[in-house]
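Data first, discussion second: the structure below is written as structure tokens.
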Amino acid sequence: MDVPLWGCLMFYSRYFIPTIKETPSDAEVISHQLMLRAGMIRKLASGIYNYLPLGLRSIRKFENIVREEMNKADAIEMLMPSVQPAELWQESGRWAFYGKELLRFKDRKDAEFCMGPTHEEVITDMVRREIKSYRQMPLNFYQIQTKFRDEIRPRFGLMRGREFIMKDAYSFDVDSHAADLSYNKMFNAYMRIFERCGLNFRAVEADTGSIGGSSSHEFMVLADSGEDAIVSCDACRYAANVEKAESPLFSAVSSATIEPLQKVLTPEMKTIADVASFLKIAVDKTIKTLVYVSDAGELAMALLRGDHELNELKLKNHLGWDEIQMATEEQILACTGSPVGFLGPIGLKQDIPVIADRVVQGMTNVVLGANEVDQHYINANRGRDFEVSGFVDIRTVEAGDACPRCDSGKLEMWRGIEVGHVFKLGTKYSKALNATYLDANGREQIVFMGCYGIGIGRTVAAAIEQNHDENGIIFPIAIAPFHCSVVAVNTKDAGVMAAAEEIYFCLEKLGVEVLFDDRDERPGIKFKDNDLIGIPLRIVVGSKGLAEGKVEMKIRSTGEVKLLVLEEVATTIKQLIDAALVHPE
RNA sequence: CGGUGAGUAGCGCAGCCUGGUAGCGCACCUGCCUUGGGAGCAGGGGGUCGCUGGUUCGAUUCCAGUCUCACCGACCA
């Protein structure tokens, strides 16, 4: 579907692009700074923004790319309300589980409502009412709609707002196999969407978080300012969020002779590094002991090789806890009898689960805390000296780790911005809301679901994060607010204005999205503004060039400058844009 | 919610320590000048100094409280 983006003349002097010369002090990341400076957005409240005309144009253009690819992938557009009744959320169980991020309020009759942070409940409710037969599936509904999440800490402009535009899609299938096909279709559509925007991104395996479900992939735009750490294998296709990334299996079991257990004095040696250097042993011969507590107050101990880091999410998922936190000094003292710094699994005061990282399985004659102030054990061995509840992958992977999926690869680490996330939901919501259908045998079955999100504003911000220089934004042409600008150097020069106007109208006639900078400003101001707002192509019409029948074309991304004869300008620009907008197949 | 810092003109900041009712740069308005990289000159408009209370003859300044915002941790498109 083509949504018309403009219905009036795009004369800069009559349009509205309030640019700012100085960098606003409260904008931390470059995309936030540039979107403010370029007059794309303005803040209304914490995490809540006005989309100014220029910003809205970029957003609409990205929405249309998403729309095209969703439609191509057989998803059907609809629109759901932002205000949702509490009952649905109570039915799915998320009214209690979702927490403060869900903005709740009451209407005049005291009935409870919330602002929709996501729409699994609403869509599943619709589907359970309308879908009766296996013949009606597969189905996939999507919408592009404003969401509200009362984030604890909104930041980085559109990157993490409380109110934000999201494309969310929900697929419904007869069984898990069919649901996988729907998932793959969406996955491929996502690949095309971000490719069309010219983004450098990775699809990575991810944790499902509060949405739930069996598995998921995140689409990560690579950027140093990204809030997520991801790893990818340099040899195979494996890539994952560090939260989720599996650590490689160390199978080697030490064959060293088992030495007798010995307690040693380690005064004031509280960190692994201190203990290792004090005892003159390698850090990887030590075991690090951590104690965690759940929201329900349950305690658990985690054992890791001294130089490894715990992945709290892995531990939390393994224990089946809703929340996880490091235990307090008091809790630790109560269960081990020792302050932090000398903890270990030997001689615990309370019976708590002891979860060891898989790497610990192969370690012998290790150093660990003795649960006494200033005391450590050396030559501790599992089986003889202590037991564990299980060996589980609970460590955080590091750059340079061996790939968990192939023989030769090493993991590389990146920072990424999560712009899309696809989930296999299974029957989590359909079961809770009793969304069923009759199969070919007339038997009632539960619907299988998937859900698929793209942060619209966040993707535009991520594109800027990845495409800018010291002069401002360098928009990928697919989501640039305009393809081309025409700058009249001196508006008092009738010849210059006439020629510039002529070029403007020719371009517009050819369907080029063009902005005519007709402002009565000095050239420097116009050049600076045009660079800042990141329009890919710029035509400059000046009296000197005009005397020879020529104008200048500058390509924003490369800085390349070409002189074009007047007659060729419009067609040359048109060709360049068409070539740049070719879709990948 | 915890930790840190900040609220003075549209934006960026100074003044506060040592109380006497506010200033600078940019932006804005008028005029002149200027027109290939945010020019120059002259004139001008705009502030209940976040809010509430206290101390004081007098508070932007000192004290207490409160609100808001930003940054660092858990959440997430």
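All values reported here derive from a predicted model rather than from experimental measurement. Chain identifiers are assigned alphabetically (A, B, ...) following the order of the sequence lines, protein sequences preceding nucleic acid strands; residue numbering begins at 1 within each chain.
- With sequence neighbours left out, the ring-ring contact (aromatic ring centres under 6.0 Å, His included) criterion links Phe172(A) to no other residue.
- In this structure, Arg162(A) reaches neither bases nor backbone, as no heavy-atom distance under 4.0 Å exists between it and the strands shown.
- Atom CD in Glu101(A) sits about 14 Å away from atom C1' in rC1(B), given to the nearest Å.
- Every residue two or more places apart in sequence or in another chain that forms a side chain to side chain donor-acceptor pair (under 3.5 Å) with Ser485(A) is listed here: Asn530(A).
- If you take CD1 of Ile456(A) and C1' of rC76(B), they are 16 Å apart, rounded to a whole angstrom.
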Output one line per pair: protein atom, nucleotide atom from nucleotides 70-73 of chain B, and distance, for all N/O pairs under 3.5 Å.
{"unit_1": "rA70(B)", "atom_1": "OP2", "unit_2": "Ser46(A)", "atom_2": "OG", "d": "3.4"}
{"unit_1": "rC72(B)", "atom_1": "OP2", "unit_2": "Arg153(A)", "atom_2": "NH1", "d": "2.8"}
{"unit_1": "rC72(B)", "atom_1": "OP2", "unit_2": "Arg153(A)", "atom_2": "NH2", "d": "2.9"}
{"unit_1": "rC72(B)", "atom_1": "OP2", "unit_2": "Arg155(A)", "atom_2": "NH1", "d": "3.3"}

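- In this entry rU18(B) has no Watson-Crick or G-U wobble partner, no candidate having both defining distances under 3.5 Å.
- Rounded to whole Å, atom C1' of rC1(B) lies 15 Å from atom CD of Glu151(A).
- Searching all strands for a Watson-Crick or G-U wobble partner of rG45(B) with both distances below 3.5 Å returns nothing.
- Residue Asp228(A) is in base contact, counting any heavy-atom pair closer than 4.0 Å across all strands shown.
- Under 4.0 Å is where a charged nitrogen must lie from a carboxylate oxygen, and between Glu227(A) and Arg155(A) at least one such pair does.
- Across all strands shown, rA70(B) is found opposite rU4(B) as a Watson-Crick or G-U wobble partner, with both distances under 3.5 Å.
- Side-chain atoms of Arg149(A) stay outside donor-acceptor range of the base of rC76(B), with no qualifying N/O pair under 3.5 Å.
- In this structure, Arg519(A) places its CZ atom 10 Å from C1' of rG38(B), rounding to the nearest Å.
- Going from the C1' atom of rG15(B) to that of rC49(B) covers 11 Å, rounded to whole Å.
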* To do: Go along nucleotides 27-37 of chain B 5' to 3' and tag each nucleotide: B for a protein heavy atom under 4.0 Å from its base, S when only backbone or sugar atoms are that close, - otherwise.
  => -------BBBB

* Evaluate side chain to side chain contact (heavy atoms under 4.5 Å, CB included) for Met126(A) paired with Met80(A), printing each intermediate quantity in order. => CA-CA 10 Å; Met126(A) 186 199 82; Met80(A) 289 177 260; over 6 Å; no

Please list, pair by pair, any protein nitrogen or oxygen found under 3.5 Å from a nitrogen or oxygen in nucleotides 3-9 of chain B.
none

* To do: For side chain to side chain contact (heavy atoms under 4.5 Å, CB included), just list the numbers for Ile17(A) and Ile533(A), CA-CA rounded to whole Å, side-chain angles, deciding distance to a tenth of an Å, and then say yes or no.
  => CA-CA 9 Å; Ile17(A) 309 176; Ile533(A) 65 180; 4.0 Å; yes

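- Here rA77(B) presents its C1' atom at 11 Å from OH of Tyr170(A), a figure rounded to the nearest Å.
- Rounded to a whole angstrom, the distance from the P atom of rG20(B) to that of rU61(B) is 11 Å.
- Base pairing analysis places rC26(B) opposite rG10(B); the two distances defining the Watson-Crick or G-U wobble pair are each below 3.5 Å.
- By the 4.5 Å heavy-atom criterion applied to side chains, Val422(A) and Tyr190(A) are counted as neighbours.
- In this structure, Arg196(A) pairs ionically with Glu69(A), as a charged nitrogen and a carboxylate oxygen lie closer than 4.0 Å.
- In this structure, rG65(B) and rC51(B) make a Watson-Crick or G-U wobble pair, each of the two defining distances being under 3.5 angstrom.
- One P atom belongs to rG25(B), the other to rC41(B), and the distance between them is 11 Å to the nearest Å.
- Residue contacts shown for Asp529(A) include a base, since a base heavy atom lies under 4.0 Å away.
- Across Glu151(A) and Gly161(A), no two heavy atoms sit closer than the pair CG-O, 3.8 Å.
- Ring geometry for Phe187(A) versus His217(A): interplanar angle over 60°, hence perpendicular rather than tilted (30 to 60°).
- Contact check for Val551(A) versus Val540(A): no side-chain heavy atoms found under the 4.5 Å cut-off.
- A cation-pi arrangement, defined by a distance under 6.0 Å to the six-membered ring centre and an angle within 45 degrees of its axis, is absent between Arg556(A) and Phe475(A).
- Taking atom P on both rU48(B) and rG43(B), the two are 26 Å apart, rounded to the nearest angstrom.
- Atom C1' of rG7(B) sits at a distance of 14 Å from the matching atom of rG12(B), rounded to the whole Å.
- Between Glu246(A) and Lys314(A), none of the side-chain N atoms (NZ, or NE/NH1/NH2) sits under 4.0 Å from a carboxylate O, so this pair counts as no salt bridge.
- We find that CZ of Phe164(A) is positioned 8 Å from C1' of rC76(B), with the value rounded to whole Å.
- When rounded to the nearest whole Å, the span between NE2 of His421(A) and C1' of rC76(B) equals 10 Å.
- Within the shown strands, rC32(B) is the pairing partner of rG40(B) under the Watson-Crick or G-U definition, both distances less than 3.5 Å.
- Here the separation of rA27(B) from rA42(B), taken at their P atoms, is 15 Å to the nearest Å.
- The CD atom of Gln33(A) sits 12 Å away from the P atom of rG12(B) (whole-angstrom rounding).
- Within the structure, the side-chain hydrogen bond (donor to acceptor under 3.5 Å, both in side chains) test picks out no pair touching residues 544-554 of chain A (sequence neighbours left out).
- For Gly453(A) and Pro24(A), each mapped to the nucleotide of RNA chain B holding its nearest heavy atom, the one lying further toward the 5' end belongs to Pro24(A).
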